[in-house]
Amino acid sequence: WLEWSVVQQASHVVVTCPELAERLISRYPAADRYRFSTITNGYDPADDPSQRSAESDTAAGRKRFVLAYVGAFYREQSIEPVLQALRGLRGARADITTDVEFRLIGSLSTAQRRLLRPDDAAFFTDAGYRSHEAALTEMARADALLLMAPANDGGRLCIPAKVFEYLAFGGHVLGYVHEDTALHHLLSKAGNVTLVDCRRPESLAPAIERCYDAWRAGTLTAPRNREVVEQYRRDRLAAKFADIVGACVVAA
């Protein structure tokens with residue numbers, strides 16, 4: 001009822017994901033589709049960690065491949081497929097046993113923490129919750145950044161806020177996301193990514209292995225399409241939102 005009342009009464013409806021707009025339009029066919037707009041989250045160029053410290057510019061000289069995840073693991077956003085993938089790889093390849101670190105910058109719920117085994121400490125580092133500035137520095141220093149969407153249907157409507165900072169300030173992105181979604185297409189267009197369908201958890205280990213082997217060969221990092229990324233600067237998104245508000249005021 002609350003959703004229906006918003007769609008019926010609002011002058012304009014702004015969502016953060018195009019799939020959500022389409023879902024609302026299909027659910028309420030009487031609503032004018034031109035009253036729906038998508039404005040995603042974004043990034044602020046002023047937050048670029050490379051402007052603060054040269055230390056964050058490169059991971060050169062580090063001996064371990066660092067796959068970092070910035071955020072929280074809880075409920076459907078589970079750490080389990082990552083742990084299972086890395087455990088399997090460590091059992092299959094001796095070099096991965098010593099050369100790979102999965103680094104969490106964020107938090108684990110109590111239920112998620114129970115999924116850890118004592119021997120996971122050989123590859124898993126819980127760096128804990130960090131300030132925004134420190135998290136950005138961690139992003140910039142990692143060899144690859146893990147991006148995950150919940151594997152349930154709601155995950156198709158998810159474009160995490162960190163996506164845009166990953167793309168703007170980080171290196172290679174390993175995206176464990178739904179295929180044929182706005183998030184999947186965005187990552188593909190931005191480039192310097194490896195994409196895995198989150199409904200096929202068995203594909204995660206081979207993807208991590210490919211990233212690791214490319215890192216060892218010095219070929220992991222590729223050019224990113226800055227033209228795509230810069231569409232998501234917060235000042236540009238704010239201007240788009242201002243135009244919508246202005247149009248609503250004029251119409252009123």
Side-chain angles (χ1 to χ4, degrees), residues 58-109 111-128 138-152 155 160 162-163 166 170-181 183-184 187-188 190-222 224:
T58 180
R62 187 166 52 212
K63 295 182 179 180
R64 299 187 84 187
F65 170 74
V66 175
L67 174 64
Y69 178 85
V70 181
F73 284 111
Y74 59 97
R75 295 194 299 275
E76 287 83 6
Q77 188 78 324
S78 179
I79 195 174
E80 188 169 23
V82 191
L83 296 176
Q84 290 180 342
L86 288 167
R87 289 166 185 160
L89 288 170
R90 291 180 73 244
R93 290 184 55 173
D95 53 349
I96 288 180
T97 300
T98 56
D99 289 355
V100 174
E101 175 186 359
F102 176 49
R103 187 171 180 83
L104 169 63
I105 301 95
S107 61
L108 279 169
S109 70
Q112 291 292 307
R113 196 169 291 280
R114 293 194 191 103
L115 299 173
L116 295 172
R117 300 175 185 172
D119 59 347
D120 290 341
F123 66 84
F124 175 62
T125 300
D126 183 357
E138 291 269 9
M139 282 185 198
R141 297 184 70 187
D143 298 298
L145 294 163
L146 177 65
L147 178 69
M148 299 181 72
N152 58 22
K162 62 173 165 275
V163 168
Y166 270 23
H172 195 81
V173 174
L174 172 54
Y176 185 68
V177 302
H178 290 266
E179 287 188 337
D180 197 27
T181 58
L183 175 56
H184 183 272
L187 293 170
S188 296
N192 195 17
V193 299
T194 295
L195 297 175
V196 181
D197 187 346
C198 62
R199 294 164 299 181
R200 297 179 58 220
E202 70 278 5
S203 300
L204 185 56
I208 294 173
E209 186 174 23
R210 289 196 301 274
C211 290
Y212 168 71
D213 287 337
W215 171 77
R216 288 195 66 177
T219 59
L220 178 62
T221 300
R224 180 157 286 144

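If you read the sequence from its start, that first residue is 1, and numbering goes on from there.
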Tyr166 side chain to Val70 main-chain N or O, any donor-acceptor pair under 3.5 Å? yes
Check: Asn192 main-chain N/O paired with Arg224 side-chain donor or acceptor under 3.5 Å: yes
Above 12 or not: heavy atoms from other molecules or residues under 6.0 Å from CZ of Arg199? yes
Restricting to non-hydrogen atoms, name the atom on Arg87 and the atom on Leu115 that form the minimum distance, rounded to 0.1 Å. NH2-O, 3.0 Å
With rounding to the nearest 0.5 Å, note down the distance linking OG in Ser188 to CG in Asp180. 10.0 Å
Polar side-chain atom of Gln112 near backbone of Ile79 as donor-acceptor pair, under 3.5 Å: yes
Between Asp126 and Gly106, which heavy-atom pair has the shortest distance, and what is it? OD1-O, 4.5 Å
For the side chain of Thr97 and the backbone of Arg93, is there at least one donor-acceptor N/O pair under 3.5 Å apart? yes
Here the gap from Leu86 atom CG to Asp120 atom CG, rounded to the nearest 0.5 Å, amounts to 8.5 Å
How far does CG of Leu204 sit from CG of Asp197, to the nearest 0.5 angstrom? 11.5 Å
Exam field: side chain Glu179 to backbone His184, donor-acceptor pair closer than 3.5 Å: no
Among Arg64, Lys63, Arg90, Arg216, salt bridge (Lys or Arg N to Asp or Glu O under 4.0 Å) partner for Asp95: Arg216
Parallel, tilted or perpendicular: which fits the ring planes of Phe65 and Tyr212, with parallel below 30° and perpendicular above 60°? perpendicular
Side chain His178, main chain Asn152, donor-acceptor under 3.5 Å: yes
Rounded to the nearest 0.5 angstrom, the OG-CD distance for Ser109 and Gln77 is 11.0 Å
Residues which pass side-chain hydrogen bond (donor to acceptor under 3.5 Å, both in side chains) with Arg75, listed by chain and number, not counting sequence neighbours: none
If you round to the nearest 0.5 Å, how far is CG of Leu145 from CG of Leu67? 8.0 Å
How far apart are the closest heavy atoms of Val196 and Ser203, and which atoms are they? CG1-CB, 3.6 Å
Chi angles and distances behind the side chain to side chain contact (heavy atoms under 4.5 Å, CB included) call for Val193, Leu147: CA-CA 10 Å; Val193 299; Leu147 178 69; over 6 Å; no
Please test Leu116 against Leu108 for side chain to side chain contact (heavy atoms under 4.5 Å, CB included), starting from the C-alpha separation and ending with a verdict. CA-CA 10 Å; Leu116 295 172; Leu108 279 169; 3.9 Å; yes
Output the distance between atom CG (Leu146) and atom CZ (Phe102), rounded to the nearest 0.5 Å. 5.5 Å
